[in-house]
Number of protein chains: 2
Amino acid sequence: MTTTIRQVAAAAGVSLATASRALSGSPAVVESTRKRVQHAAAELDYNPNRLGRSLVTGLTGNIGLIFPDISNPFYTQFLAELESVVASRDIGILIGDAHEDSDREASLLRQMATQVDSLVLVSSRMTDFQITAAAARLPVVLANRQLEPGTPVPELLSQIVIDVDPGFSAAIEHLHTLGHQRVTYLDGPARSWSAREKRASLSQACARLGIDLSILRVEKPDFDSGRAIAQHLDPATSVVVAFNDQVALGVLSICRDRGIRVPDHMSVVGCDDSLPLGLAWPALTTIDSSSGALGALAARAVLDPAAHRTGSVPTRLIVRDSTAVAGASAR
Amino acid sequence: MTTTIRQVAAAAGVSLATASRALSGSPAVVESTRKRVQHAAAELDYNPNRLGRSLVTGLTGNIGLIFPDISNPFYTQFLAELESVVASRDIGILIGDAHEDSDREASLLRQMATQVDSLVLVSSRMTDFQITAAAARLPVVLANRQLEPGTPVPELLSQIVIDVDPGFSAAIEHLHTLGHQRVTYLDGPARSWSAREKRASLSQACARLGIDLSILRVEKPDFDSGRAIAQHLDPATSVVVAFNDQVALGVLSICRDRGIRVPDHMSVVGCDDSLPLGLAWPALTTIDSSSGALGALAARAVLDPAAHRTGSVPTRLIVRDSTAVAGASAR
DNA sequence: ATAGATAATGAAAACGTTTACATTCACCCT
DNA sequence: AGGGTGAATGTAAACGTTTTCATTATCTAT
């Protein structure tokens, strides 16, 4: 059925070994026989079986990516950008969706372990212990997550993070300048490292400026959850900062339904700039934390782990039309 | 380093073969030894090497997906939905981005061929010949694409398509009812089967109602291309129907820049309903062709090819605020 | 008691490669 | 001339499994 290198060798009248050498470009084979083998291979439409090769070389030519939720544009952008960096080498990409479940994540990891050369864990929900254990077996790039400070970092582990501080500080300063005194933050998943980072950065900034911060949690940070939580929001709320843009858009959508005018009655700030938000109504003010850039950095860490043990992408505030001065409705 | 079944066998004091049988649940092993082997396996943290297994069984437990462009939300939604259907079985997913290039697509196919059990080609740009050749080697699900009528369909080929007709007819009727006489269509990639389908459906509907149709082509159907082409649009254009939502949003964005009011000066219709378009400004009228449903159908075809040789998802018009009566600006 | 069936296990082949080692052969140098 | 060198190729082992076939042990029926 499918042709093997054995058949190619037979057709070219050489041994298995010579055929292999000829096709893999070993210099130890004379040009005439190489030609002969290549011709036979082309003739028989031979494609090397990657499984057989991997088994003996120990290299698969694949990398694995594990996400908490592929349907989230934040991750698909990450994926797209990583792919385009990696595309030139012909590297296979295995993906897994953990559905926000650390057990499922661990099981995907086990499944992938034997068929990839390295692994990218994006916003992993696993414990530091599980992660370092994985990094003991194969190179791991940890994206949008960091080990607890003080944890010994395995040789084979790279850490790529988003520096949320500049963006979130700027956002709070922006709101402060507009005269707001209270901010409601719609926090992300409990087990998410980046949610903790954002929360920490936010409370620090609020403390600095004397702003009153109250926190609500959204377990799955998507559009529908944003709508759900917005429905129970105190009508007096004047500022909502959301874990990501989907949640912010959910809030916007409820506001529209209820006739709460944004930004006059309520200011809304998103995070990520992951969609064509300039076209939202109103255009959404957001904290840009390019998941694409994160993906590109992760890709480089995969290709050359030694050179990219750590990396960080910056954030910045993008002011659009969903934020305005406090009490604008009174005007 | 990593433990093999051989070590498990040794630890349990049984042969290689018995260990394998015990772990794979063969009934030909007595319960006491099975326990012993399982215990040893757990003790040594044994994970079967999928490569070794695949080589002998001929089954990999993986499926492959090839897209023209993963950064397009249409495809990421397809992917997410397919993943969630397939998730319960533990099936690995290999993805490849052809970047709209049929050569690259063919090379991805070659790369994947030996490490997947079946292949999903989404909006394939390859020739019928290439596709049927692939289907001769392994089961193929063709999504958003159909072989030319008359081409013999290989045993192992399933075809899942979008029935664009109802949606596009409704859109044109809608525009007709609003009094429009001319429509500009921003067509998709030249090699795209679905672009051809949409174009055909559109011209048919226009012919039926006596509407004048002019067609412009966008090679990469994304937001930026939408902006680019909208810049050269005749200012007198009153209706734009776009190949997909991204292009439509690009048009909207240019309209906003230039002060062309939508829908008063110009009506805009998107296609796919792939984003939270209800929040766009103005909310975009679109032809819903759920890529998610397409992905779910493709998933079913992958899991049971015999039962799902063909499939089709319907389309429908969703009227929002980006379409209005002709000459509304005059009012 | 013995033949024959049946149940449990072991030995070895097989999957498709790559690669360490062995072999052949021509050539060069003294 | 003969030993040594090096280049080209071949032989066989190895990667980690599953599975066929052979072997042993146990039980049943005569």
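Numbers restart at 1 for each chain; the letters A, B, ... are given by sequence-line order, proteins then strands.
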Excluding sequence neighbours, so at least two apart, what forms side-chain hydrogen bond (donor to acceptor under 3.5 Å, both in side chains) with [X]?
X      : result
B:S54  : none
A:R145 : A:D128
B:Q159 : none

With B:V141 as partner, the option from B:V302, B:I63, B:L121, B:L157 fulfilling side-chain contact (heavy atoms from CB on, under 4.5 Å) is B:V302
Global bending angle along the helix from C:dA1-D:dT30 to C:dT30-D:dA1, which compares the axes of five pairs at either end, to 10 degrees: 60°
Mind checking which nucleotides bracket the chain A contacts on DNA chain D, 5' to 3', with an atom under 4.0 Å from a heavy atom? D:dA8 to D:dG16
DNA chain D contacts among residues 17-38 of chain B, heavy-atom distance under 4.0 Å: B:A17, B:S20, B:R21
Members of residues 107-116 of chain B that approach DNA chain D, where some heavy atom sits under 4.0 Å away: none
Are B:N144 and B:I162 packed together at the side-chain level, in the sense that at least one heavy-atom pair is separated by less than 4.5 angstrom? yes
If you define the side chain from C-beta out and look only at heavy atoms, does anything of A:M112 sit under 4.5 Å from A:I66? yes
With sequence neighbours excluded, give me every side chain to side chain donor-acceptor pair (under 3.5 Å) pair touching [range].
range                     : value
residues 62-84 of chain A : A:N62-B:Q115, A:D69-A:S71, A:Y75-A:S123, A:Q77-A:S291, A:E83-B:H99
residues 17-28 of chain B : B:S15-B:T18
residues 36-52 of chain A : none

Can you check side-chain contact (heavy atoms from CB on, under 4.5 Å) on A:F67 and A:L79, steps first, answer last? CA-CA 9 Å; A:F67 303 97; A:L79 168 61; 4.0 Å; yes
Rounded to whole Å, how long is the line connecting atom CG of A:L16 with atom P of C:dT17? 8 Å
Rounded to whole Å, CD1 of B:I5 lies from P of C:dA12 at a distance of 18 Å
What residues 42-62 of chain B contributes to the DNA chain C interface at heavy-atom separation below 4.0 Å is B:L55, B:V56
Donor-acceptor check, side chain of [X] to backbone of [Y], threshold 3.5 angstrom: yes or no?
X      : Y      : result
A:E105 : A:R125 : yes
B:S158 : B:H308 : yes
B:R34  : B:A22  : yes

Residues forming a ring-ring contact (aromatic ring centres under 6.0 Å, His included) with A:F74, sequence neighbours excluded: none
Before giving the answer on side-chain contact (heavy atoms from CB on, under 4.5 Å), spell out for B:W193 and B:L142 the whole-Å C-alpha distance, their side-chain angles and the decisive distance to 0.1 Å. CA-CA 11 Å; B:W193 175 85; B:L142 203 50; over 6 Å; no
